[in-house]
Amino acid sequence: TPIAESLRLAERYLRTEVKDRFGVLRRQLSDEEQTLLVLYKYQRMTSHQVAEAMSTPKDPWTPQKVRKRWQRLKDHIAELAAKQGLLETD
């Protein structure tokens with residue numbers, strides 16, 4: 001039906017718009033935050049694997065550091081998303 005098709009198109013548009021807005025948000029993250037997001041969330045690496053990948057001689061990472069940085073990153077993303085109207089806030 002025309003109404004159902006209109007709803008599907010609207011939903012597809014909204015999903016694309018939200019993805020685009022999250023892309024803008026993601027680009028606001030530091031290089032380190034973006035790398036952590038990709039490795040830990042999208043590549044589904046363990047905290048041990050991420051620690052190994054992120055470590056440098058001057059800045060060694062531990063699994064605990066990965067988990068702590070991940071928590072901070074999630075909080076930071078939520079804050080940015082709320083400011084951009086991507087999340088409903090009470």
Side-chain angles (χ1 to χ4, degrees):
T1 67
I3 293 175
E5 182 61 26
S6 293
L7 288 173
R8 279 194 292 280
L9 288 173
E11 286 175 5
R12 191 174 323 140
Y13 171 77
L14 290 174
R15 280 194 306 266
T16 301
E17 181 183 359
V18 169
K19 284 181 185 178
D20 290 346
R21 290 173 67 191
F22 269 108
V24 169
L25 181 150
R26 193 170 47 249
R27 287 189 291 279
Q28 293 176 15
L29 302 175
S30 70
D31 289 342
E32 182 179 274
E33 290 172 324
Q34 289 183 42
T35 301
L36 180 58
L37 179 64
V38 168
L39 296 179
Y40 205 57
K41 180 66 176 174
Y42 298 122
Q43 296 294 320
R44 298 187 180 269
M45 293 173 75
T46 67
S47 57
H48 287 80
Q49 292 169 322
V50 174
E52 188 175 311
M54 299 286 286
S55 286
T56 66
K58 290 184 178 183
D59 186 19
W61 282 53
T62 64
Q64 295 79 13
K65 183 175 182 175
V66 170
R67 289 189 291 273
K68 184 68 175 175
R69 293 276 176 98
W70 176 247
Q71 185 58 53
R72 283 192 214 145
L73 177 56
K74 289 190 303 184
D75 293 344
H76 185 206
I77 290 171
E79 179 183 314
L80 290 173
K83 284 180 182 177
Q84 294 182 21
L86 292 170
L87 297 178
E88 293 180 14
T89 56
D90 295 330

Between Leu39 and Val66, is a side chain to side chain contact (heavy atoms under 4.5 Å, CB included) present by the stated rule, with each step listed?
CA-CA 11 Å; Leu39 296 179; Val66 170; over 6 Å; no
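- Residues meeting the salt bridge (Lys or Arg N to Asp or Glu O under 4.0 Å) test with Glu52, sequence neighbours left out: none.
- One distance of note links OG of Ser47 with NZ of Lys65; it measures 13.5 Å at 0.5 Å rounding.
- A search for side chain to side chain contact (heavy atoms under 4.5 Å, CB included) contacts involving Lys68 returns Arg72, not counting sequence neighbours.
- Of all heavy-atom pairs between Met54 and Leu36, the closest is CE-N, 4.4 Å.
- The distance from atom NZ of Lys41 to atom NZ of Lys74, rounded to the nearest 0.5 Å, is 8.5 Å.
- The two residues Arg26 and Gln34 have their closest heavy-atom pair at O-NE2, 3.4 Å.
- Between atom CG of residue Leu37 and atom CZ of residue Arg69 there is a gap of 14.5 Å, rounded to the nearest 0.5 Å.
- Taking CD of Gln28 as the start and CD of Glu33 as the end, the distance is 10.5 Å to the nearest 0.5 Å.
- Put simply, Tyr42 and Val24 are part of two different groups of oily side chains (I, L, V, M, F, W, Y) that touch within less than 4.5 Å, one to the next.
- A distance of 7.0 Å separates CD of Gln64 from NE2 of His48, quoted to the nearest 0.5 Å.
- Checked against ring-ring contact (aromatic ring centres under 6.0 Å, His included), Trp61 has no partners two or more places apart in sequence or in another chain.
- Taking hydrophobic clusters as Ile, Leu, Val, Met, Phe, Trp and Tyr residues chained together by side-chain heavy-atom distances below 4.5 Å, Tyr40 shares a cluster with Val38.
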